[in-house]
Number of protein chains: 2
Amino acid sequence: MVKPVNTSTSQQEPGKGPVDKAMEVLEALARAGGPQRLGEIARRTGLTKPTVHRHLRTLADCGFAQPAEGGAYRAGPRLLGLAAAALDSGPDLRLARPVLNDLRRRTGQLAHYAVPAGTEAVHLELSEPAGEYRMSISPGGRTPLHTSAVGLAMLSALPVPEADAVLAELLLDGALPAPTPATLTDPGALRAELARTVRRGYAVDDEYDEPDVRSVAAPVLDAQGRVVGAIGVSGLTFALDDANVAVFGPMVRAAARAVSTGLGGSAAHLGLVAGGMTDGGRA
Amino acid sequence: MVKPVNTSTSQQEPGKGPVDKAMEVLEALARAGGPQRLGEIARRTGLTKPTVHRHLRTLADCGFAQPAEGGAYRAGPRLLGLAAAALDSGPDLRLARPVLNDLRRRTGQLAHYAVPAGTEAVHLELSEPAGEYRMSISPGGRTPLHTSAVGLAMLSALPVPEADAVLAELLLDGALPAPTPATLTDPGALRAELARTVRRGYAVDDEYDEPDVRSVAAPVLDAQGRVVGAIGVSGLTFALDDANVAVFGPMVRAAARAVSTGLGGSAAHLGLVAGGMTDGGRA
DNA sequence: ATGAACGTTCCGGAAAACGGAACGCGGTGG
DNA sequence: CCACCGCGTTCCGTTTTCCGGAACGTTCAT
């Protein structure tokens, strides 16, 4: 009974299981936009060719992928069904959709809804204006939490210890990623920006993630006051000048609060965290 | 070179792999609407409790599920990201979305887009009218191909041998499923209805799937003339009387054609299959 | 013709998934 | 008060699958 067991029970990170790999293949497939070749998937995911091949065939066998012309693969119907069901699973997106469309109409800019995923923000729903200019943001896309307005909004609404943990995790991979020269890379400056965000009730992204693009965003909270997502408005810098930011900021704040109340959030949390006028609360 | 091949390559159905099971757990999770308990998932999927437990934890570890209050689980952020990306992956849905909204506005009824998945139609996108009445149709939901207008539309646009194969597969599980007394269960009657569908260019569902609900639908084809989906309009029987069916039918036909041309479909296929006025073509 | 890249198949070693059985727990009803 | 039940969880030996290096056939562009 000396308990030889496995001497390395504590670390279960390194060796990822088959489902995770299959999922990565699926993600690569879905994120590609169009049909995708095997080699390309192997390159993107970092998996070996045989592994990708096997998983791809397994996925195709159960309907999550389907062969396309030229030996390529594309997302299968079962994945689309799962996707539609998943996006409908939570009440947040259903509530957010009409709010986004309203925001887009009133601002003439791109309105979007994002949820937190580890140290990143995942963009779920976009409501695009008629204009044809294309931004790097797309459905399913991710940005680090500190480089986007929605990310900053979510960070600002996190309890302090959690926010610190996220920040620490972001710093683990060397310095903070900086997609543009304007990105906030200094933890101190970031904290100051978060404090300003809490004070005014909405976050501002001044070309932190993409040149010539600014955004404003506000967090969406559930009934328990936890962050479930954020609503943002993005536009080119000349369209989102300081005056417009001052107008759109309160609008996204109101929009986010509308979704939050729809989720059953009591006025208490919302006043404290998203409202930003009562100096009380929190410590 | 006698081509010994693998003698048992044909049957790989029986033993489902881990990824498939994990996917079923995910589907159960996503389709549930709200948070879901472990036992409930085990019951729905037919998997044993330990298996579900392990998969659920694995999925939670890589972000596809997340624990909710009361020991329940809900869809995780990574699944939502994958879902958003998947729904954006094909050009068909992007094209269909505005068309659906236009259809809903002009008909005042529920407009939807579905894709084929085996012997079923998977509903991906709904554009719901202001009214509050609820139908059984929901995002990610499925209906057998022969019990819905979108299904009949897709069946009618399939090459004859493929359509026959689907029909045979449907008949494998005993008789054709019949959700309502009006459902077409006789293969002969079904074939006749498909012929009528091809002739007029749109399919009609006269309470085949749900009592008091009628629908019209037309198939969407890709550049090669293959079926990729269908656009339908559904409403209560009193709202979709014969006169309205005669009006809405050509509207969904035009809508489906618009999406098809957007996919690069040449006028040739569309005229033959979806147009329905040129008496030429198809034997 | 030569070379490179691609998709595919093969194989032995390694690492999971599997489910029956058992455990601790909370609620219910005798 | 104590069976009884259902739940979520853990354990374990057996079975199955996964894994990726290496090699093969093919298809292009050089």
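All values derive from a computational prediction rather than experimental measurement. So you know, we letter chains A, B, ... as the sequences are listed, proteins then strands, and number each from 1.
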Under 4.5 Å between any side-chain heavy atoms of Y113(A) and D92(A), yes or no?
-> yes
Quick one: label G71(B) by what it contacts on the DNA or RNA (base, sugar-phosphate, nothing), any heavy atom closer than 4.0 Å.
-> nothing
Interatomic distance where [atom1] belongs to [X] and [atom2] belongs to [N] [whole Å]:
X: K21(A); N: dT17(D); atom1: NZ; atom2: P; result: 17 Å
X: Q36(B); N: dC7(D); atom1: CD; atom2: C1'; result: 15 Å
X: L38(B); N: dT10(D); atom1: CG; atom2: P; result: 11 Å
X: E24(B); N: dA17(C); atom1: CD; atom2: C1'; result: 15 Å
X: L59(A); N: dT17(D); atom1: CG; atom2: C1'; result: 15 Å

With five pairs defining each end axis, the helix from dG3(C)-dC28(D) to dG30(C)-dC1(D) comes out bent, to 10°, by 30°
Minimum-distance pair of heavy atoms, taken over all atoms of H146(B) and P177(B) | NE2-O, 2.8 Å
So which heavy atom on L79(A) is nearest to which on A30(A), and how close?
-> CD2-CB, 4.5 Å
Under a 4.0 Å heavy-atom cutoff, the residues of residues 44-56 of chain B touching DNA chain C are T48(B), P50(B), T51(B), R54(B), H55(B)
Check step by step if side chain to side chain donor-acceptor pair (under 3.5 Å) holds for E169(B) and T119(B).
-> CA-CA 7 Å; E169(B) 199 172 345; T119(B) 65; 5.6 Å; no
State which residues pass side chain to side chain contact (heavy atoms under 4.5 Å, CB included) with D88(B); sequence neighbours excluded, sorted by chain then number.
-> P139(A), R94(B)
Would you tell me if any nitrogen or oxygen in the side chain of R43(B) comes within less than 4.0 Å of OP1 or OP2 on dC7(D)?
-> yes
For dG7(C), take OP1 and OP2 only and decide whether either is under 4.0 Å from a side-chain N or O of R37(A).
-> yes
